[in-house]
Every structure is written in C-alpha cells, then in structure tokens.
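Sequential numbering from 1 along the given sequence is applied to the chain's residues. Remember, it's 1-based here, ligands and their atoms both numbered in the order they're listed.
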Amino acid sequence: MDHFTYKNRVLHCDDVPVPALAEKYGTPLYVYSKKTLEHHLKQIQAAFKAVDPLVCYSIKTNGNLHIARLMVEGGAGCDVTSGGELYRALKAGCSPSKIVFAGAGKTNAEIRAALEQGVFLFNVESEGELSAIAEIAKSMGKVANVALRVNPDLPPKTHAKTDTSVKGVKFGLDIDTVLEFAEKVLKNPHVKVVGLHMHLGSPILSVEPYRQGIVKGQVLIDKLRAQGHRITIWNMGGGFGIHYKKNEALPASAFAEVIVPGIQEAKCKLVLEPGRFIVGNAGLLVSRVIYTKDSGGKHFVIQDAAMNDLIRPTLYDSFHRIWPVAGFDTPEDYQVENPGTVKSDVVGPVCESGDFLAKDRYLPAVGRGDLLATFSAGAYGMAMASNYNGRPRAAEVLVDGANHHLIRRRETYEDLIRPEVDF
Ligand SMILES: *Cc1c(COP(=O)(O)O)cnc(C)c1O
C-alpha cells in the first residue's frame, strides 16, 4: 500500500502532483509519503500486537532525521549499526532504552558511546566483540545486556549480497559452536546474555525462512536457558519484503502468523528491526531525461539520477519499476512489452558502464525534459547515495496530504569540498 497514484495520467503523491515537486525542488529528487510511512509502521505494530513487540526501525535503511522522528513518534525504537547511526537515532529523539545496536565490527569507541547512553541491547556477533563489550563495561562499572546473534544457516533466500543467514557470510555466531561460546560467557559478570538475535536477510518474500528460524531459535533458547542464561528477548531482525515488480510482498500479518506463536511459546519479548518494509514503498526517486540516444543496437534514456543516487540496480541487480511521471497510461505489468513502448536502458550521467537504473525495460518514448519516477526507492536509496563523479546528493521531500516540505536540501558544490581541510 502506498500513496503514489496516477490521476489523469499524472503521478501524485497524496494530493500533490509530482511535476509540481520536481519544478519546485529540482531533480533528482526523493519524494516520501508521510501517510505511507505511518501506515507501514502501524501495520507491523497491529500484526504483532498479541506479543506487544518492540519495533526498532532500522535506521540504516533511511536515516533522514524527519523520517526517523516520525517512527519514534509512532512508538518505534531504532536499530542502529554504528556510532553514527546511534547519534542519528538520539538526534531523532529515540530513547536509548529503545535502541538495539547491531553490526559485526563495533569499535571500542562505539561500544563505549552505546554504554554511556545506556542502549537497550547489543546484538553480539563474535567472541572478540563480547570480550570488548565486557572489558569496556567493566571499566565503566556497568553490565551490558546482550543478545547473541546467531547465523541459523538457512537455505539461500535472496540475492547473495543481502543474504545474512547462510553458512559462510560474516554475520552472526556459528550455530554449531554458539552454545560452547555461551557457556564461557556465564562466568563474566559484566555481560548478561538476555536474548537471541537473528536477521535472516532481505528482502524476504516468503514466511518459510522465519518458520525455520523460529524452530532453530526455540532449540537454542531452551539450551541457553538450561545453561543458566535468563533469556527474555527474542530479536527476529528485519527483512520483510516489499513490492518492487508487482504485488509480490506479503502483509506483515503473514509473518506474524509464523513468528508470534513461537515467541509466545518461548515466553520472550519480541524485538523486530524492520526497515525496508516501512520506508521502501514510501519513497520514489524523480528524475528528468537529459538525452536519449541509440547506440550499438540499444536505446538509451539518459536521465539525471545515477548510481550515486540509487545504487541498488548496480549492486544487487535490483528491479525498480520506472514510468514517466506524466502523459501515459500505466500498465498492469511493467516487466513485459506493452503497446507503444520502446526497449530502453535507463542510465545516468556517471562514468561507469554499471551506472543504470534499468536495463532492457519497455518504456514509452520519452524525450528531453520528461520526468521519470523510479518506484520503491525509499529504502537503501538515499542511505547509500554518494558524491561520486562530483555529484551533489539529491534533495528529499516529505509529502503529507496537500502539504510538502524539504527534509534535506540538495547539496551544493561547496558541500562537496567542505571536509577537505587546509586548502
Ligand atoms: C539491515 C538490517 C535490518 C533491516 O532489514 P530490512 O530488510 O530493511 O527490514 C534489520 N536488522 C539488521 C541486523 C540488519 O542488518
């Protein structure tokens, strides 16, 4: 569900025509729908209501303070993966008691900052990390609450670069040795193992991995308890998929159906770390066609958004729906050759052959000055944007009903050189 709709062949976000936004704020432009963001958070909260979960918005997905604050105001905590994200979450108004700290490479400084703030939970991924947390906690006279992040070694679920629970990836503790490890931790007075964490990968379009994760997690929790750990928290991570192509994603209630009974049986507090599910379909990237050209048997649409604005197609071979903002009927299926379309590569101005938003895509014959919308771009879009090729990062706008306002201004050329000192 989102609030992007074509009315009389003009794309609107809520009541605002997208061409008006492009005119006012320029392109490339990220446009977010406040109502969609709130709707998605509420959908998760409602689906898991029976176990009163702590929903921690995965701030790495889209860290804009205005968006993070919306989540916090909606009752969410934050899932952070670095000191920078911890800083961001706190700035957004998140209470430390609702912050969970993930990541395989937490530095001493990051651990210290998190302990100073009093974050709710560390998701621990290695023996070395646990020692570091214990040592730092000791030096501060504190006890750290940790969840053991286990790699449950499930069958491949998604693109190799986003699958986090198969054997051989860097994430989590090895499920075969986690109990030996946990046994040793018991003696350490400065860390308390209070939970189990798993994040299975992303985006996941089936409940099956969660079902399998619950089964494996249940066994582990029983064994950890038998060792003497008081396990009260089960963090199931994020990963819920969204619509990129058609309506392929599952509602939150489908995931709840397999997760909630497991949590109830384990008598644990559920923590969730959704990111993509909340913000993915709540954002689109608007760009303007600069040129079109035919070369080497291909038709190229060269527009002003590039891999530095949205790297997912380049990095993950991701499919994003793309369609002109105005002037054309929308098809049922964007993946097939619809009448009046031209097979096109949608590319940007960056000097890389890998700079594309879509390849071999059937699009209406657009020309210089036309606006394009790249859909489902709210997650891992702006968050991964860079200044490559001397490109200032895009502006971001939040729309609510008939209102819209800038939530991040377009970067300037001065912004590009600002951190380069003593010049
Ligand atoms: C990236 C990440 C998430 C968020 O994943 P989504 O697919 O965006 O929901 C949650 N937890 C951890 C540990 C992550 O690394």
Measure from the side-chain N and O atoms of Ser376 to the backbone N and O of His243, and report whether any donor-acceptor pair falls under 3.5 Å.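 Present.
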Is the backbone of Ile407 close enough, under 3.5 Å, to the side chain of Asn64 for a donor and an acceptor to pair up by distance?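 Such a contact is found between Asn64 side chain and Ile407 backbone.
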Starting from [atom], locate the nearest protein heavy atom and write down its residue, its atom name and how far away it is, to 0.1 Å.
atom	result
atom 14 (C) of ligand 1	Lys60 NZ, 2.8 Å
atom 7 (O) of ligand 1	Ser202 OG, 2.3 Å
atom 8 (O) of ligand 1	Tyr380 OH, 2.6 Å

With atoms numbered from 1 as shown, which atoms in ligand 1 lie under 4.0 angstrom from a non-hydrogen atom of [X]?
X	result
Arg149	13 (C)
Thr61	8 (O)
Gly275	6 (P), 8 (O), 9 (O)

Ligand 1 versus Asp79, non-hydrogen atoms closer than 4.0 Å: side chain, backbone, both, neither?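 Side chain only.
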Please test Asn338 against Thr341 for side chain to side chain donor-acceptor pair (under 3.5 Å), starting from the C-alpha separation and ending with a verdict. CA-CA 6 Å; Asn338 292 295; Thr341 58; 5.7 Å; no
Any cation-pi pair here, Lys106 with Phe122, using under 6.0 Å and within 45°?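 Because its charged atom misses either the 6.0 Å distance or the 45° angle limit, Lys106 does not stack over Phe122.
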Does Arg321 qualify as a cation-pi partner of Tyr334, given the criterion of NZ or CZ under 6.0 Å from the six-membered ring centre and within 45 degrees of its axis?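 Arg321 over Tyr334 ring: yes.
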Aromatic rings Phe48 and Phe240: how do their planes relate, parallel, tilted or perpendicular, breaks at 30° and 60°?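 Aromatic pair Phe48/Phe240 classed parallel.
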Mutual orientation of the aromatic rings belonging to Tyr6 and Phe375 [parallel < 30°, tilted 30-60°, perpendicular > 60°]: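 Ring orientation of Tyr6 relative to Phe375: tilted.
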Which of the listed options, Met198, Glu125, Arg276, Glu273, holds the heavy atom that is closest to atom 12 (C) of ligand 1?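 Of the listed residues, Glu273 has the closest heavy atom.
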Applying the side chain to side chain contact (heavy atoms under 4.5 Å, CB included) test to Asn123, which of Asn235, Thr81, Leu196 qualifies?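 Exactly one option meets the side chain to side chain contact (heavy atoms under 4.5 Å, CB included) with Asn123, and it is Asn235.
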Ligand 1 contacted by Pro203 (non-hydrogen, < 4.0 Å):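 Pro203 does not count as a contact of ligand 1 under the 4.0 Å cut-off.
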Using distance alone, decide if ligand 1 has a nitrogen or oxygen within less than 3.5 Å of any nitrogen or oxygen in Gly237.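 There is no such contact.
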Are any of the N/O atoms on Pro274, whether in the backbone or the side chain, positioned under 3.5 angstrom from an N/O atom of ligand 1?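 No, since none of the N or O atoms of Pro274 sits under 3.5 Å from an N or O of ligand 1.
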